[in-house]
*Asks:* 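Before anything else, here's the structure in question.
All values reported here derive from a predicted model rather than from experimental measurement. Chain A is the first sequence line, chain B the second, and so forth, proteins listed ahead of strands; every chain is numbered from 1.
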Number of protein chains: 2
Amino acid sequence: MSESSLAELLRARGLRLTAQRQLILQAVLDLGHATPEQVHNAVREVAAGVNITTIYRTLELLERLGLVTHTHLSHGSPTYHAAGEDQHVHLVCRECGAIDEMDPELLRPLADQLARERGFRVDIGHVSFFGLCERCGNGDQK
Amino acid sequence: MSESSLAELLRARGLRLTAQRQLILQAVLDLGHATPEQVHNAVREVAAGVNITTIYRTLELLERLGLVTHTHLSHGSPTYHAAGEDQHVHLVCRECGAIDEMDPELLRPLADQLARERGFRVDIGHVSFFGLCERCGNGDQK
DNA sequence: TTTTGTGCAAAGATTTTGCATCCCC
DNA sequence: GGGGATGCAAAATCTTTGCACAAAA
């Protein structure tokens with residue numbers, strides 16, 4: 001689905017399909033969620049010459065095309081992941097950094113309420129919760 | 001409450017109360033939520049010589065002391081805000097960058113569910129939702 | 001006086017930009 | 001062939017670190 005839709009989305013805007021763009025999209029799909037640097041490393045295993053600049057520019061493009069989205073997980077760098085069906089909410093452990101996921105539909109009631117009462121339309125595929133995972137949360141009940 | 005508790009928390013650890021630390025905490029309390037740079041600007045209005053390095057070091061210290069926490073709002077810089085009573089969830093508009101707030105208690109049912117079913121304890125005072133605010137969301141219903 | 005804290009400058013890390021060249025269409 | 005895309009290098013941010021001096025206790 002994604003490779004062909006990339007070509008179509010690009011063509012529809014007069015943009016070009018390049019090897020780099022295909023590789024970068026594929027890397028994001030494969031990695032699940034990854035920082036620009038992780039994408040770069042993955043892409044370089046296949047095509048050594050690809051520059052980090054191209055990673056940044058292409059991730060931004062793919063996001064504009066709606067193929068990927070990014071989230072900020074606690075620390076510095078943003079992480080990118082495929083947009084679409086497999087959306088998920090990240091559960092990030094403050095202690096150990098583990099990243100779990102949950103179904104965004106659990107947010108639907110709240111999202112609907114916010115849309116109704118405040119006019120704010122939450123992007124429920126772009127949410128992270130911080131806290132303590134099961135392992136790290138034991139002991140210091142609070 | 002906070003000024004005196006700062007002194008106590010510092011003394012309890014053998015650390016020192018300085019003018020900079022008081023000013024930086026006060027700035028965070030006043031600003032609501034602010035990036036290190038915004039804190040720096042606020043502090044400099046009172047004490048011109050304070051260095052940005054001290055802002056970073058002190059914000060980290062205040063966070064360890066439990067007086068402030070930080071959140072990552074879409075773009076780059078983290079924003080710091082006072083920990084404790086006045087917790088709030090940020091509603092960040094992807095378009096215009098406006099930051100609104102909502103009561104974290106609205107998250108309570110979901111947080112309880114996650115704790116029960118997955119053992120993940122969400123820090124509900126440390127949540128940001130991204131999306132479109134009322135003004136920016138009009139027109140492109142999707 | 002002693003030890004922690006701060007300012008300054010420089011180093012790091014990450015991300016962006018300008019420009020010449022490359023190559024998709 | 002033409003205009004968008006890439007690589008390279010340099011710039012721009014943002015954050016951290018080392019060290020000498022200042023200041024709290």
Side-chain angles (χ1 to χ4, degrees), chain A residues 3-4 6-28 34-44 46-65 67-68 70-80, chain B residues 3-4 6-28 33-44 46-65 67-68 70-80 97:
Chain A
E3 283 300 305
S4 55
L6 173 60
E8 285 164 26
L9 286 167
L10 289 170
R11 207 166 19 209
R13 305 189 180 207
L15 303 175
R16 295 173 186 177
L17 181 63
T18 64
Q20 288 90 332
R21 289 175 175 176
Q22 296 178 70
L23 290 170
I24 291 168
L25 174 57
Q26 194 57 51
V28 173
T35 62
E37 193 191 340
Q38 291 171 322
V39 171
H40 191 205
N41 290 333
V43 168
R44 277 199 293 193
V46 184
V50 177
N51 195 280
I52 184 71
T53 301
T54 301
I55 305 293
Y56 280 103
R57 286 194 279 226
T58 301
L59 286 173
E60 190 190 330
L61 170 66
L62 294 176
E63 190 156 29
R64 280 204 307 277
L65 295 179
L67 294 174
V68 310
H70 80 274
T71 313
H72 284 271
L73 304 183
S74 51
H75 3 294
S77 295
T79 70
Y80 287 79
Chain B
E3 283 300 305
S4 55
L6 172 60
E8 286 165 24
L9 286 167
L10 289 170
R11 205 164 23 209
R13 306 190 179 207
L15 302 176
R16 295 172 185 178
L17 181 63
T18 65
Q20 288 89 332
R21 288 175 177 176
Q22 297 178 68
L23 290 170
I24 290 167
L25 174 57
Q26 193 56 51
V28 173
H33 33 67
T35 62
E37 193 191 339
Q38 291 172 322
V39 172
H40 190 204
N41 290 334
V43 168
R44 277 198 294 193
V46 184
V50 178
N51 194 280
I52 184 72
T53 301
T54 301
I55 305 293
Y56 281 103
R57 287 193 279 227
T58 301
L59 287 173
E60 190 190 329
L61 171 67
L62 294 176
E63 189 155 30
R64 279 202 308 278
L65 296 179
L67 293 174
V68 308
H70 79 273
T71 313
H72 285 270
L73 304 182
S74 54
H75 3 293
S77 297
T79 71
Y80 287 79

*Asks:* Mapping B/Thr54 and B/Gly14 to their closest nucleotides on DNA chain C, which lands nearer the 5' end?
*Replies:*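 Nearest-nucleotide comparison on DNA chain C picks B/Gly14.
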*Asks:* So, taking the atom named CD1 in A/Ile55 and the one named CD1 in A/Ile24, what distance separates them when rounded to the nearest 0.5 Å?
*Replies:*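 Interatomic distance, A/Ile55 CD1 to A/Ile24 CD1, rounded to 0.5 Å: 3.5 Å.
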*Asks:* Measure from CG on B/Leu10 to P on D/dA24 and round the result to the nearest Å.
*Replies:*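 For the pair B/Leu10 CG and D/dA24 P, the rounded distance is 13 Å.
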*Asks:* Could you tell me the separation between the OH atom of A/Tyr56 and the P atom of D/dA9, rounded to a whole number of Å?
*Replies:*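 Rounding to the nearest Å, OH of A/Tyr56 and P of D/dA9 are 18 Å apart.
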*Asks:* Can you tell me the distance, in whole Å, between the CG atom of A/Asn51 and the P atom of D/dA10?
*Replies:*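 That distance rounds to 13 Å.
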*Asks:* Over how many whole Å does the gap from A/Arg13 atom CZ to D/dA5 atom P extend?
*Replies:*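 Distance check: A/Arg13 CZ to D/dA5 P gives 12 Å.
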*Asks:* If you define the side chain from C-beta out and look only at heavy atoms, does anything of B/Leu65 sit under 4.5 Å from B/Arg13?
*Replies:*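 They are in contact (side-chain heavy atoms under 4.5 Å apart), so the answer is yes.
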*Asks:* So, the side chain of A/Glu63 versus the backbone of A/His70: is there a donor-acceptor pair under 3.5 Å, distance only?
*Replies:*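 Checking the backbone N and O of A/His70 against the side chain of A/Glu63, a donor-acceptor pair under 3.5 Å is found.
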*Asks:* Note the angle between the end axes of the helix from C/dT1-D/dA25 to C/dC25-D/dG1, five pairs defining each, rounded to 10 degrees.
*Replies:*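 Inter-axis angle at the termini of the helix from C/dT1-D/dA25 to C/dC25-D/dG1: 30°.
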*Asks:* Over how many whole Å does the gap from B/Ile52 atom CD1 to C/dG5 atom P extend?
*Replies:*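 One finds 19 Å between P of C/dG5 and CD1 of B/Ile52, rounded.
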*Asks:* Quickly work out the B/Glu8 CD to D/dA25 P distance and round it to whole Å.
*Replies:*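 These atoms are roughly 14 Å apart.
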*Asks:* Would the distance check show the side chain of B/Gln38 and the main-chain N or O of B/Thr35 forming a donor-acceptor pair, the cut-off being under 3.5 Å?
*Replies:*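 Present.
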*Asks:* With a 4.5 Å cut-off on side-chain heavy atoms, are B/Leu61 and B/Arg21 touching?
*Replies:*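 They are in contact (side-chain heavy atoms under 4.5 Å apart), so the answer is yes.
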*Asks:* Would you give the length of the straight line joining atom CG of B/Asn51 to atom CZ of B/Arg44, rounded to the nearest 0.5 angstrom?
*Replies:*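 One gets 9.0 Å once the value is rounded to the nearest 0.5 Å.
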*Asks:* Return no unless some side-chain N or O of B/Gln20 is found under 4.0 Å from OP1 or OP2 of D/dA23.
*Replies:*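 No.
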*Asks:* Grab the NE2-C1' distance between A/His40 and C/dT15 for me, whole Å please.
*Replies:*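 So the two atoms are 13 Å apart, to the nearest Å.
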*Asks:* Report yes or no: does B/Thr58 contribute a side-chain atom to a donor-acceptor pair with the main-chain N or O of B/Thr54 at less than 3.5 Å?
*Replies:*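 It does hold such a pair.
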*Asks:* Among D/dC8, D/dT17, C/dT15, which nucleotide has an atom closest to any side-chain atom of B/Thr53?
*Replies:*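 From the listed options, D/dT17 comes nearest.
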*Asks:* Would you call A/Leu23 and A/Thr18 a side-chain contact if the rule is heavy atoms closer than 4.5 Å?
*Replies:*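 Sidechains of A/Thr18 and A/Leu23: no contact.
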*Asks:* Could you give the CD1-to-P distance, from B/Ile55 to D/dC14, as a whole number of Å?
*Replies:*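 Atom CD1 in B/Ile55 sits about 15 Å away from atom P in D/dC14.
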*Asks:* Quick check for you: to the nearest 0.5 Å, what is the distance between A/Tyr56 atom OH and A/His40 atom NE2?
*Replies:*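 Going from OH on A/Tyr56 over to NE2 on A/His40, the span is 10.0 Å.
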*Asks:* Can you name the atoms? Protein N/O to nucleotides 23-25 of chain C N/O, anything below 3.5 Å, with the distance.
*Replies:*
unit_1	atom_1	unit_2	atom_2	d
C/dC24	O3'	A/Leu17	O	3.3
C/dC24	O2	A/Arg16	NH1	3.0
C/dC25	OP1	A/Leu17	N	2.9

*Asks:* For DNA chain D, what residues of residues 57-65 of chain A have any heavy atom nearer than 4.0 Å?
*Replies:*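 Within this stretch, A/Arg57 sit under 4.0 Å of the strand.
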*Asks:* Is the shortest side-chain heavy-atom distance between B/Leu17 and B/Gln22 below 4.5 Å?
*Replies:*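 With C-beta onward as the side chain, the pair touches.
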*Asks:* Any non-hydrogen side-chain atom of A/Pro36 less than 4.5 Å from a side-chain atom of A/Leu59?
*Replies:*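 A side-chain contact under 4.5 Å exists here.
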